[in-house]
Number of protein chains: 2
Amino acid sequence: MTSKTSKSVGFEQHDHDVCLEKAIKAAEAYCDRFKLQFTPLRRKVLEILLEEHRALGAYAILDLLRESGLGSQPPVAYRALSFLVEHGFAHKIERLNAFVACALPDILHSPAFMICRKCETVVEAQSSSSSFDLSGTASATGFKIEQTTLEAKGVCHSCAEMA
Amino acid sequence: MTSKTSKSVGFEQHDHDVCLEKAIKAAEAYCDRFKLQFTPLRRKVLEILLEEHRALGAYAILDLLRESGLGSQPPVAYRALSFLVEHGFAHKIERLNAFVACALPDILHSPAFMICRKCETVVEAQSSSSSFDLSGTASATGFKIEQTTLEAKGVCHSCAEMA
DNA sequence: TCTTGTAATGTTATAATATATCATTCATAT
DNA sequence: ATATGAATGATATATTATAACATTACAAGA
Ligand SMILES: [Zn+2]
Ligand SMILES: [Zn+2]
Ligand SMILES: [Zn+2]
Ligand SMILES: [Zn+2]
């Protein structure tokens with residue numbers, strides 16, 4: 001059985017070079033279109049995240065940045081990360097306080113993740129913003145869900161009325 | 001329209017005394033049944049969380065504990081919180097690095113939350129572990145979803161095979 | 001060209017969240 | 001009463017994240 005709202009990218013083998021290049025190209029195109037600056041720093045952080053389908057903490061990223069001489073203090077990493085997250089090139093995994101490159105860069109989506117607690121692989125599944133069915137993706141890939149986190153941020157009725 | 005997988009508790013008015021007492025009683029009963037120690041400290045932390053349907057950070061909780069002379073160092077709060085979370089009496093809101101009392105203490109559930117960014121109210125919706133539909137609860141309560149976080153932790157196919 | 005505004009980056013300091021470790025006390029069962 | 005494990009106390013430190021201010025890069029308008 002497969003879901004109509006979820007489609008996985010990960011766990012199974014795939015051509016990661018294509019994956020990586022597609023993401024960079026998508027970011028370039030998007031920044032070009034919206035006059036955003038895809039600076040060397042931001043590009044490098046995205047490249048670091050794209051290396052693997054794993055989540056990296058800000059300080060791990062910072063270490064790698066330092067190695068390539070592109071910045072060494074926390075705000076440098078956090079700023080680049082918030083740019084990438086803000087524009088959808090990367091996502092924050094709240095459970096891990098860590099970041100992953102978006103695996104679906106050319107698709108408008110609300111991200112959903114399956115996180116293996118053993119190998120730490122993070123698979124991004126496609127979904128709509130308020131309806132989720134991970135069970136399809138999970139069973140299709142053989143992922144065994146143990147625990148889920150679902151948190152919707154927004155504005156409640158009474159707060160909306162005030163404005 | 002209402003969802004078959006989600007039912008809200010919150011935002012709208014409700015008898016909070018009942019809410020509070022029900023949660024304490026449920027915790028007592030559960031601990032009794034499973035021979036868990038519902039110590040004064042753990043009870044106090046749950047009471048603190050039950051005061052309001054808002055998420056409290058560990059250090060805010062710690063301040064309140066200190067006031068009642070029940071502990072003053074971080075591990076005290078974190079231990080009580082992990083006990084409460086482990087047994088389902090409370091949940092961690094990952095997006096906020098904060099904790100809420102469970103609003104559905106007598107129902108087996110995988111928690112889902114709607115968080116108002118203005119008043120910081122946290123509403124818990126009932127859901128199954130791998131399929132969610134917050135849109136029903138959201139529209140029923142007038143909550144406007146802006147962003148969602150969906151993260152499933154588990155074990156991937158290849159890691160499961162190794163074991 | 002010059003200036004001036006804005007975005008990005010550099011730098012220092014510190015805040016906020018969370019855990020490791022070891023000592024002590026308490027509950028419970030033999 | 002005594003041995004056992006669970007819970008708490010206490011100290012130190014790790015990890016994650018941001019505030020605040022200085023500097024540089026770059027482009028639009030004078
Ligand atoms: Zn994505
Ligand atoms: Zn795995
Ligand atoms: Zn709950
Ligand atoms: Zn509100």
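Each chain gets a letter, A, B and so on, in the order its sequence line appears, and its residues count up from 1.
Position along DNA chain D of the nearest nucleotide to A:R79 versus B:L41 favours B:L41 as the more 5'-ward residue. Of the two residues near DNA chain C, A:S72 and B:Q37, the one whose nearest nucleotide lies more 5' is A:S72. Projected onto DNA chain C by closest heavy-atom contact, A:P75 and A:F83 fall at different nucleotides, the more 5' of which corresponds to A:F83.
Along DNA chain C, the stretch of nucleotides lying under 4.0 Å from any heavy atom of chain A spans, 5' to 3', C:dA7 to C:dT12.
A distance-only check finds no donor-acceptor pair linking the side chain of A:R54 to the backbone of A:V122 [under 3.5 Å]. A donor-acceptor contact shorter than 3.5 Å is absent between the side chain of A:E146 and the backbone of B:K153. A:R66 contributes a side-chain N or O that, together with a main-chain N or O of A:S72, makes up a donor-acceptor pair within less than 3.5 Å. The backbone N or O of B:L150 sits nowhere less than 3.5 Å from a side-chain atom of A:E151 that would complete a donor-acceptor pair.
Spacing between atom CD of A:Q73 and atom P of D:dA19 amounts to 17 Å, rounded to whole angstrom units. Rounded to a whole Å, the CG atom of A:L56 is 15 Å from the P atom of D:dT15. In this structure, B:Y78 atom OH and D:dA10 atom P are separated by 19 Å, rounded to whole Å. The NE2 atom of B:H87 sits 12 Å away from the C1' atom of D:dA7 (whole-angstrom rounding). In this structure, B:K35 atom NZ and D:dA7 atom P are separated by 14 Å, rounded to whole Å. Note: CG (A:L81) to C1' (D:dT16) measures 12 Å, nearest angstrom.
D:dT16 has its base stacked against the ring of A:Y59, the centroids being under 5.5 angstrom apart at an interplanar angle below 30°.
Each of B:I24, B:V45, B:V100 was checked for a side chain to side chain contact (heavy atoms under 4.5 Å, CB included) with B:L50, and the lone residue meeting it is B:I24.
Backbone-only engagement by A:K92 is indicated by non-hydrogen atom pairs under 4.0 Å involving sugar-phosphate atoms exclusively. Counting any heavy atom pair closer than 4.0 Å across all strands shown, B:R42 reaches sugar-phosphate atoms only and no base atom.
Under the 6.0 Å cut-off for aromatic ring centres, B:F38 and B:Y30 do not qualify, their centroids lying 6.0 Å or more apart. The distance between the ring centers of B:F34 and B:H87 does not fall below 6.0 angstrom.
Considering only side-chain N and O atoms, B:N97 lies nowhere under 4.0 angstrom from the phosphate OP1 or OP2 of D:dT16.
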